[in-house]
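Presented below is the structure to which this report refers.
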Amino acid sequence: MPQLVEVPIIDKFSRAFNLEMPPAENMDDYLDNILPMLRPWSEDIYEFEEKNYFRSRWLEVQDSDHSHEAILHLFREEYEYLYSIDGDILFRGSWEPINDNNSFILNKLANGAIAQSELYDLAFLNKDFFILRKHGDQVRKGQKKYFVMAREGVVRNLEWREVMELLFNNYRSNPDFMLYIVLALVLMAVVMALSMF
């Protein structure tokens, strides 16, 4: 029977405060690992409008190494939505935040009528990242879980893995997180000092 190795308490604490980005094969897996850590620092959907984040040019981030198109999502005044690929406006539509549920609706128009309407739940929001998760089980349907957008000026010319690293930096460099680390280290020192007596 294999022996159970006792993990020292210091190792348990250091794992909890690991600042290395968890490894993953694709963007959905990275986000599954990163977003739970970032959730305390995410803003709510009402702040998208309140802080005028909709005025940014949101560049879609995809984890395809073969896709080099610049896909922009423009959320304009009066809830107008524009979808552009390499400068060509392919769709017009509307956007609508649902504050009660932290959700977001995107409507795409064709010939003046709604051709497609999609419901998303907010996964993460700050001034640089706008990440949505389409409601329902997208994996079952063979689709991506997350719809990732980032402010164009921040992620232009970056590969998707670099964008994930940039997103993870919101966790690594957060002042509140650093305060938690300091408090945990102080607590560890107190526990170790008391255990010596």
Side-chain angles (χ1 to χ4, degrees), residues 24 26-32 34-36 38-39 41-164 166-167 170:
N26 58 52
M27 195 160 61
D28 278 352
D29 290 344
Y30 271 119
L31 291 169
D32 282 342
I34 294 170
L35 289 175
L38 288 175
R39 196 154 286 124
W41 295 284
S42 177
E43 299 182 51
D44 288 323
I45 201 68
Y46 73 86
E47 292 171 287
F48 183 75
E49 196 170 356
E50 188 177 273
K51 295 187 174 180
N52 293 323
Y53 290 160
F54 66 90
R55 291 191 176 150
S56 293
R57 292 163 54 119
W58 294 99
L59 187 65
E60 186 172 330
V61 179
Q62 299 177 352
D63 60 357
S64 168
D65 292 325
H66 306 293
S67 176
H68 298 289
E69 301 169 320
I71 302 172
L72 274 183
H73 298 270
L74 305 166
F75 303 93
R76 300 179 61 186
E77 305 276 356
E78 314 235 345
Y79 302 102
E80 182 184 19
Y81 167 65
L82 302 175
Y83 177 89
S84 164
I85 296 182
D86 290 333
D88 296 325
I89 304 294
L90 297 186
F91 294 105
R92 288 182 179 272
S94 62
W95 58 278
E96 178 184 348
I98 305 174
N99 297 336
D100 296 344
N101 297 32
N102 235 4
S103 298
F104 200 83
I105 295 175
L106 277 182
N107 298 308
K108 292 180 182 175
L109 302 177
N111 300 321
I114 294 177
Q116 184 179 16
S117 191
E118 297 174 298
L119 174 65
Y120 293 93
D121 296 319
L122 182 66
F124 183 76
L125 173 66
N126 71 7
K127 66 182 178 58
D128 294 327
F129 289 94
F130 185 28
I131 303 173
L132 300 168
R133 183 175 179 159
K134 193 169 179 182
H135 190 73
D137 186 355
Q138 301 309 308
V139 176
R140 177 178 48 81
K141 293 166 47 177
Q143 297 179 357
K144 295 284 184 184
K145 286 186 202 178
Y146 299 100
F147 175 24
V148 179
M149 294 171 280
R151 198 159 47 85
E152 183 185 27
V154 173
V155 299
R156 184 186 294 119
N157 300 323
L158 295 181
E159 295 295 323
W160 69 270
R161 286 182 180 87
E162 295 170 313
V163 174
M164 291 297 99
L166 191 62
L167 176 64
N170 283 276

Open item on the list: Quick check: Phe48 with Phe130 (ring centres under 6.0 Å apart)?
Closed with: yes
Open item on the list: Just to verify, what does Glu78 make a side-chain contact (heavy atoms from CB on, under 4.5 Å) with, not counting sequence neighbours?
Closed with: none
Open item on the list: Quick check against the 3.5 Å criterion: does Arg151 have a side-chain atom that pairs as donor or acceptor with the backbone of Lys127?
Closed with: yes
Task: Closest non-hydrogen atom pair between Trp160 and Val61, with its separation - done: CB-CG1, 4.0 Å
Open item on the list: Is there a side-chain contact between Leu72 and Met149 in this structure, where contact means two heavy atoms from C-beta onward sitting under 4.5 Å apart?
Closed with: no
Task: Inter-residue atom distance Ile131.CD1 - Tyr146.OH, 0.5 Å rounding - done: 9.0 Å
TODO: Compare all side-chain heavy atoms of Leu59 with those of Ile71 and state whether any distance is below 4.5 angstrom.
DONE: no
- [ ] Can you sort out the partners of Glu49 under side chain to side chain donor-acceptor pair (under 3.5 Å), two or more places apart, ordered by chain and number?
- [x] Tyr79
I'd like a table of donor-acceptor pairs (distance under 3.5 Å, sequence neighbours excluded) in which one partner is a side-chain atom from residues 89-98, with atom names and distances.
from  : atom 1 : to     : atom 2 : distance (Å)
Arg92 : NH1    : Glu80  : OE2    : 2.9
Ser94 : OG     : Asn107 : ND2    : 3.0
Trp95 : NE1    : Arg76  : O      : 3.1
Trp95 : NE1    : Glu80  : O      : 3.2

TODO: For residues Ser103 and Ile45, determine if any side-chain heavy atom of one lies less than 4.5 Å from a side-chain heavy atom of the other.
DONE: no
Task: Intermediate values then yes/no, ring-ring contact (aromatic ring centres under 6.0 Å, His included), Tyr83 and His73 - done: CA-CA 5 Å; Tyr83 177 89; His73 298 270; 5.1 Å; yes
Task: Set of side-chain contact (heavy atoms from CB on, under 4.5 Å) partners for Lys145, sequence neighbours left out - done: Asp28, Asp32, Arg133, Val139
Open item on the list: Please tell me whether Phe104 and Phe75 form a close aromatic pair, meaning their ring centres lie under 6.0 Å apart.
Closed with: yes
Open item on the list: Do Leu132 and Leu122 make a side-chain contact, defined as non-hydrogen atoms from C-beta onward lying under 4.5 Å apart?
Closed with: yes
Task: Distance, nearest 0.5 Å, that separates NZ of Lys134 from CD of Gln143 - done: 5.0 Å
- [ ] Just do the side-chain contact (heavy atoms from CB on, under 4.5 Å) check on Leu167 and Val148 with the steps written out, would you?
- [x] CA-CA 11 Å; Leu167 176 64; Val148 179; over 6 Å; no
Task: Between CG on residue Asp128 and OH on residue Tyr53, distance to nearest 0.5 Å - done: 8.5 Å
- [ ] Mind checking ring-ring contact (aromatic ring centres under 6.0 Å, His included) for Phe129 and listing every partner two or more places apart, or none if nothing turns up?
- [x] none
Task: Where Ser42 and Ala123 come nearest, the two heavy atoms and their spacing - done: OG-O, 4.4 Å
TODO: Compare all side-chain heavy atoms of Tyr120 with those of Leu106 and state whether any distance is below 4.5 angstrom.
DONE: yes
Task: Separation between CG of Asn157 and CD of Glu152, rounded to the nearest 0.5 Å - done: 9.5 Å
- [ ] Check step by step if side-chain contact (heavy atoms from CB on, under 4.5 Å) holds for Met164 and Leu31.
- [x] CA-CA 8 Å; Met164 291 297 99; Leu31 291 169; 3.8 Å; yes
TODO: Check for a donor-acceptor pair, side chain of Trp41 on one end and backbone N or O of Asn126 on the other, with a separation under 3.5 Å.
DONE: no
- [ ] May I ask you to decide if Gln62's main-chain N or O and Ser64's side chain share a donor-acceptor pair within less than 3.5 Å?
- [x] no
TODO: Indicate yes or no: at least one non-hydrogen side-chain atom of Ile34 is less than 4.5 angstrom from one of Phe124.
DONE: no
Open item on the list: Is the shortest side-chain heavy-atom distance between His135 and Glu118 below 4.5 Å?
Closed with: no
Open item on the list: So, using side-chain contact (heavy atoms from CB on, under 4.5 Å) as the criterion, who are the partners of Asp86 when residues are at least two apart?
Closed with: Glu69, Ala70
Open item on the list: Once rounded to the nearest 0.5 Å, what's the spacing between atom NZ of Lys144 and atom CE of Met27?
Closed with: 6.5 Å
